[in-house]
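To start, the structure under review is shown below, and the notes come after it.
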Amino acid sequence: MNRIWCLILSFLMLSVYAQEDKNKGHYDESPFKQLKEELPTPNMFRTASGAPGPAYYQQQADYKMSIRLDEEKDVIYGDETITYTNNSPDMLEYLWVQLDQNMRAADSPTKMLYESKADTRPMTIETYSKRYREGAFDGGFKLELLQDANGKDMQFIINQTMMRIDLEKPLAPTEKISFRIKWNYNINNYRKEGEGGRSGFELMEDGNKIYVIAQFFPRMAVYNDVEGWQNMQFWGRSEFALPFGTYDVSITVPDDHVLNATGKLMNEKEVLSNQQYQRMQQAWKSYDKPVMIVNEAEATKAEKSRSKKMKTWKFFADNVRDFAFSSSRKFIWDAMAVKLNDKDVIAMSLYPREANPLWEEYSTRTVAHTLKEYSNLTFDYPYHKAISVSAEDQGMEYPMICWNFGRPTKDGYVSDRTKYGMIAVIIHEIGHNFFPMIVNSDERQWTWMDEGLNTFLQYTTEQNFKKSFPNEVFPEGFDSFPSRRGAPKDIVEYMSMPQKVLEPIMTQGDHVHNFGANAYGKPGTALVVLRNTVMGKKLFDHAFRTYANRWKFKHPTPADFFRTMEDASAMDLDWFWRGWFYTTWYVDMGIEKVTPYYLQKTQVNGENRLQFVEKSNEIDPAEFKKMKELKQLDSKMDPKVRKDLKNPTYFYEVVYNRPGKLIMPLLVTFEFEDGTVKEVRYPYMMWRLNDETFTKFYGFDKPVKKITIDAKQETADIDISNNVWTVM
């Protein structure tokens with residue numbers, strides 16, 4: 001009986017300890033446990049090296065669309081034909097199409113996701129009426145028809161933001177199918193309470209609107225070797241998984257609008273005036289500053305008109321995964337050329353006069369800077385243009401075009417926060433052209449694969465801002481661009497939070513408490529640490545570039561990224577991926593104890609010996625030169641060796657500890673009394689057999705004044721109060 005009670009007590013104690021450990025972010029598994037169980041088995045589609053396999057395939061979806069924008073009713077009408085090619089080895093019984101606008105349908109369950117609490121602050125009658133008396137915004141697709149190539153109605157079923165099209169016969173490998181969808185929907189005012197969104201229109205004070213239109217057409221879902229059909233609903237946060245294809249798109253808008261979109265403008269001479277066309281030709285030759293295609297005076301004149309005539313802009317894009325456009329009569333339009341090795345690309349911006357002088361000075365030049373920096377770290381930007389559009393309260397990306405916030409106040413004041421926030425979001429959204437528009441990861445499942453990788457590249461691009469803006473003077477207290485994310489110290493607050501509000505990076509984005517920090521900040525910082533502190537820039541840059549080139553215009557998974565980074569660098573990084581991506585562990589390393597030791601002479605069997613002791617009874621350094629045994633030893637040495645002999649007389653035993661479970665290299669800085677400094681960088685492997693403490697014994701020729709761990713804050717250590725030891 002006593003034995004049974006002992007076993008029960010032991011079990012309970014272990015449970016308590018395990019729970020306490022878990023609450024601190026410490027889990028039972030070893031930080032050095034390999035990732036073999038977590039990563040999928042390599043196969044003919046995706047190899048163990050992280051490269052596409054010989055049987056790799058991806059589907060293709062080609063679109064021919066006619067779009068009409070009704071500015072008076074704020075309705076968009078679409079007529080599209082989709083040609084879908086089955087490049088898989090599978091028979092497809094049905095197709096899945098994404099209807100992302102349905103998240104704004106009046107009966108969408110998305111609205112049920114968010115808490116609502118009593119707001120006791122005074123409100124206007126209009127606000128009260130909008131919140132509690134008016135009906136929900138009537139968003140979502142209204143489907144007018146769905147027919148096959150022969151004009152026959154097709155069977156379908158809609159499940160919230162997904163539509164299944166049932167085929168009369170399975171689509172065999174290599175076969176194609178074409179079908180037509182006509183649809184319309186009410187365009188949302190994305191700044192209006194209850195409507196929101198990543199696309200829609202912004203109502204300006206003068207009554208004009210700026211349209212930023214995206215997720216605006218039924219789009220094919222991804223079918224691949226990893227998931228089969230993409231089957232996650234769009235709840236408004238985790239973004240999109242899309243196949244590549246061609247887009248032949250005609251967009252009809254009011255005649256006085258300026259419009260731009262994904263793809264090459266095919267009827268440039270029809271929609272641009274002769275003067276605008278000539279300015280565009282000039283922009284292709286201007287590499288140092290933007291050329292005004294539509295200047296502020298012209299835009300100000302146009303915004304006072306209300307043309308009833310319509311104009312059609314035609315675009316064609318090849319090998320892109322999506323399409324978006326922006327249109328307004330208020331737009332100023334500037335452009336400049338960017339040289340990427342032997343290729344020219346055009347950088348552009350569209351913005352209202354309310355965005356000046358900030359946008360005229362910085363937007364297009366920031367686009368150009370971004371294209372250069374990202375290309376340097378990955379591959380040369382393959383498309384012919386990149387566009388930044390001013391859309392307040394927005395930050396969203398699509399192939400070749402993106403929406404970005406940041407404008408002066410009404411009286412023209414531009415704070416540092418507004419200015420650098422705008423520049424940062426332009427860099428970030430233009431950067432998304434690389435991840436995921438080209439390196440086409442599944443944003444719906446793995447948000448970090450585009451947001452995290454892009455945040456890393458954004459940070460490096462921001463820190464190189466002076467390359468393109470040599471005269472930029474940063475705010476007081478900043479030696480470089482005031483980046484909000486990327487530096488290890490900036491993720492400490494998040495990694496220090498209670499475990500109940502933390503999830504591993506590998507968690508699907510809709511289920512994360514702190515989405516921005518988890519999907520953007522932490523993975524971006526992880527890659528900064530991996531590059532600067534773990535791998536070194538040379539190894540990291542080669543491996544990262546290898547990944548980008550292996551998977552451009554393809555669909556990578558996390559395993560493909562992890563494996564490629566190891567394959568191209570000859571570094572086992574399982575410990576790093578596990579700690580940073582699969583757990584909520586945190587970094588905390590400290591100095592537990594420092595014990596000075598001294599040399600004293602002692603006699604053993606009549607011979608001189610040296611012995612380390614803790615008490616201060618050290619040998620006078622001058623006595624070393626007098627010791628007979630040392631002189632005899634020196635005389636027997638090679639002169640070259642004797643020349644470099646050291647005479648340490650100050651010794652220290654340092655016990656380092658690791659309260660945090662996340663493994664990191666140990667970076668130690670010794671400061672000596674004479675003002676000199678010595679840095680020692682221990683590899684992560686030092687912790688392999690020392691889960692809690694690691695002891696090192698040092699000998700120096702001068703006394704140590706201070707020892708500091710991670711003096712430059714490279715590792716995201718959450719508690720630096722235990723990082724320093726000084727002489728008392």
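The structure presented is a predicted model; accordingly, all values stated were derived computationally and were not measured.
Under the side-chain hydrogen bond (donor to acceptor under 3.5 Å, both in side chains) criterion, D393 pairs with R191, not counting sequence neighbours. Every residue meeting the ring pair (Phe, Tyr, Trp, His ring centres under 6.0 Å) condition with F434, not counting sequence neighbours, appears here in chain and number order: Y374, F379, Y381. Evaluation of the salt bridge (Lys or Arg N to Asp or Glu O under 4.0 Å) rule for D574 yields no partner, not counting sequence neighbours. Listed by chain and residue number, nothing satisfies the side-chain hydrogen bond (donor to acceptor under 3.5 Å, both in side chains) test with N376 (two or more places apart in sequence, or in another chain).
In this pair, F562 and Y582 present their aromatic rings tilted. The plane angle is within the 30 to 60° band. Note: Y656 and Y682 have tilted aromatic rings, judged against thresholds of 30 and 60 degrees for the angle between ring planes. Taking the six-membered ring for Trp and thresholds of 30 and 60 degrees, F456 and F540 have ring planes more than 60 degrees apart, a perpendicular arrangement. Taking the six-membered ring for Trp and thresholds of 30 and 60 degrees, Y420 and F474 have ring planes inclined between 30 and 60 degrees apart. Using a 30° and 60° split on the angle between ring planes, Y398 and W403 fall in the tilted class, from 30° to 60°.
No side-chain donor-acceptor contact under 3.5 Å links N657 to the backbone of E692. Put simply, the side chain of R578 gets close to the backbone of Q34: a donor and an acceptor are under 3.5 Å apart. Of the possible donor and acceptor atoms, one in the side chain of S349 sits under 3.5 Å from a partner among the backbone N and O of T364. Listed for the K466 side chain is a donor-acceptor partner under 3.5 Å among the backbone atoms of E472. Judged by distance alone, the side chain of R198 and the main-chain N or O of E397 form no donor-acceptor pair under 3.5 Å. Checking side-chain atoms of H369 against main-chain N and O of T461 turns up a donor-acceptor pair under 3.5 Å. Judged by distance alone, the side chain of R681 and the main-chain N or O of P665 form no donor-acceptor pair under 3.5 Å. S49 contributes no side-chain N or O that, together with a main-chain N or O of D567, makes up a donor-acceptor pair within less than 3.5 Å. A donor-acceptor distance shorter than 3.5 angstrom exists from the side chain of K385 to the backbone of G263, with no hydrogens or angles considered. Distance alone, capped at 3.5 Å, places no donor-acceptor pair between the D442 side chain and the A241 backbone.
Within a 6.0 Å sphere centred on NZ of K678, heavy atoms belonging to other residues, nucleotides or ligands number 12 at most. By the neighbour-count criterion of 12 heavy atoms within 6.0 Å, atom CG of L39 is densely surrounded, having more than that number from other residues, nucleotides or ligands. The environment of K339 atom NZ is dense: over 12 non-hydrogen atoms of other residues, nucleotides or ligands sit within 6.0 angstrom. Heavy-atom neighbours of K712 NZ from other residues, nucleotides or ligands within 6.0 Å: at or below the threshold of 12. Heavy atoms from other residues, nucleotides or ligands lying under 6.0 Å from NZ of K552 number more than 12. Enclosure of atom NZ in K343 by more than 12 non-hydrogen atoms of other residues, nucleotides or ligands within 6.0 angstrom is indicated. For CZ of R417, the number of neighbouring non-hydrogen atoms (other residues, nucleotides, ligands) closer than 6.0 Å is 12 at most.
Side chains of D560 and T557: a donor on one and an acceptor on the other come within 3.5 Å. A donor-acceptor contact closer than 3.5 angstrom is absent between the side chains of Y56 and D225. For the residue pair N464 and E373, a side-chain donor N or O sits within less than 3.5 Å of a side-chain acceptor on the partner. For the residue pair D719/Y586, the side-chain donor-acceptor check at 3.5 Å is not satisfied.
Note that OG1 of T370 is 8.5 Å distant from CZ of F465, once rounded to the nearest 0.5 Å. To the nearest 0.5 angstrom, E503 atom CD is 7.5 Å from N514 atom CG. Between atom CG of residue D344 and atom CE of residue M336 there is a gap of 11.0 Å, rounded to the nearest 0.5 Å. To the nearest 0.5 angstrom, S238 atom OG is 8.0 Å from H511 atom NE2. With rounding to the nearest 0.5 Å, the separation of CE in M422 from OG in S388 is 7.5 Å. In this structure, N341 CG and D380 CG are separated by 4.5 Å, a value rounded to the nearest 0.5 Å.
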Side-chain donor-acceptor distances from residues 482-497 under 3.5 Å, at least two apart:
unit_1 : atom_1 : unit_2 : atom_2 : d
S483   : OG     : E462   : OE1    : 2.4
S483   : OG     : Q463   : NE2    : 2.8
Y494   : OH     : N518   : ND2    : 3.2
S496   : OG     : V492   : O      : 2.7

Could you give the side-chain donor-acceptor pairs of residues 522-530 under 3.5 Å, partners two or more places apart or in another chain?
unit_1 : atom_1 : unit_2 : atom_2 : d
K522   : NZ     : W580   : O      : 3.3
K522   : NZ     : T583   : O      : 3.3
T525   : OG1    : G521   : O      : 2.8

Open item on the list: Determine whether V668 and I591 satisfy the following criterion, side chain to side chain contact (heavy atoms under 4.5 Å, CB included), listing intermediate values before the conclusion.
Closed with: CA-CA 10 Å; V668 186; I591 300 172; over 6 Å; no
- [ ] Check step by step if side chain to side chain contact (heavy atoms under 4.5 Å, CB included) holds for M565 and M571.
- [x] CA-CA 8 Å; M565 292 300 291; M571 292 190 72; over 6 Å; no
Task: side chain to side chain contact (heavy atoms under 4.5 Å, CB included) assessment of N532 paired with K537 - done: CA-CA 6 Å; N532 295 340; K537 292 182 180 179; 3.4 Å; yes
Open item on the list: Determine whether W577 and E566 satisfy the following criterion, side-chain hydrogen bond (donor to acceptor under 3.5 Å, both in side chains), listing intermediate values before the conclusion.
Closed with: CA-CA 11 Å; W577 309 130; E566 297 187 7; 3.1 Å; yes
Task: ring pair (Phe, Tyr, Trp, His ring centres under 6.0 Å) between F670 and Y698, intermediate numbers included - done: CA-CA 11 Å; F670 297 92; Y698 302 93; 4.8 Å; yes
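Using a 4.5 Å heavy-atom cutoff, the side chains of V654 and W725 are not in contact. By the 4.5 Å heavy-atom criterion applied to side chains, T262 and Y247 are not counted as neighbours. Under the 4.5 Å side-chain criterion, counting only non-hydrogen atoms from C-beta, E239 is in contact with E451. Inter-residue side-chain proximity for L358 and Y351 is flagged as unmet; no heavy-atom pair is nearer than 4.5 Å. Inter-residue side-chain proximity for F240 and Q215 is flagged as met; some heavy-atom pair is nearer than 4.5 Å. At least one side-chain heavy atom of W359 sits under 4.5 Å from a side-chain heavy atom of N404. W448 has its side chain within reach of M506: a pair of non-hydrogen atoms, C-beta onward, lies under 4.5 Å apart. Taking the side chain as every heavy atom from C-beta outward, M437 and V320 never approach each other to under 4.5 Å.
Between E227 and R444 no salt bridge is recorded (no basic side-chain N to carboxylate O distance below 4.0 Å).
Under the 6.0 Å distance and 45° angle rule, R531 does not count as a cation-pi partner of F544.
When each of H555, K554, Q60 is paired with F244, the side chain to side chain contact (heavy atoms under 4.5 Å, CB included) condition holds for H555 and for no other.
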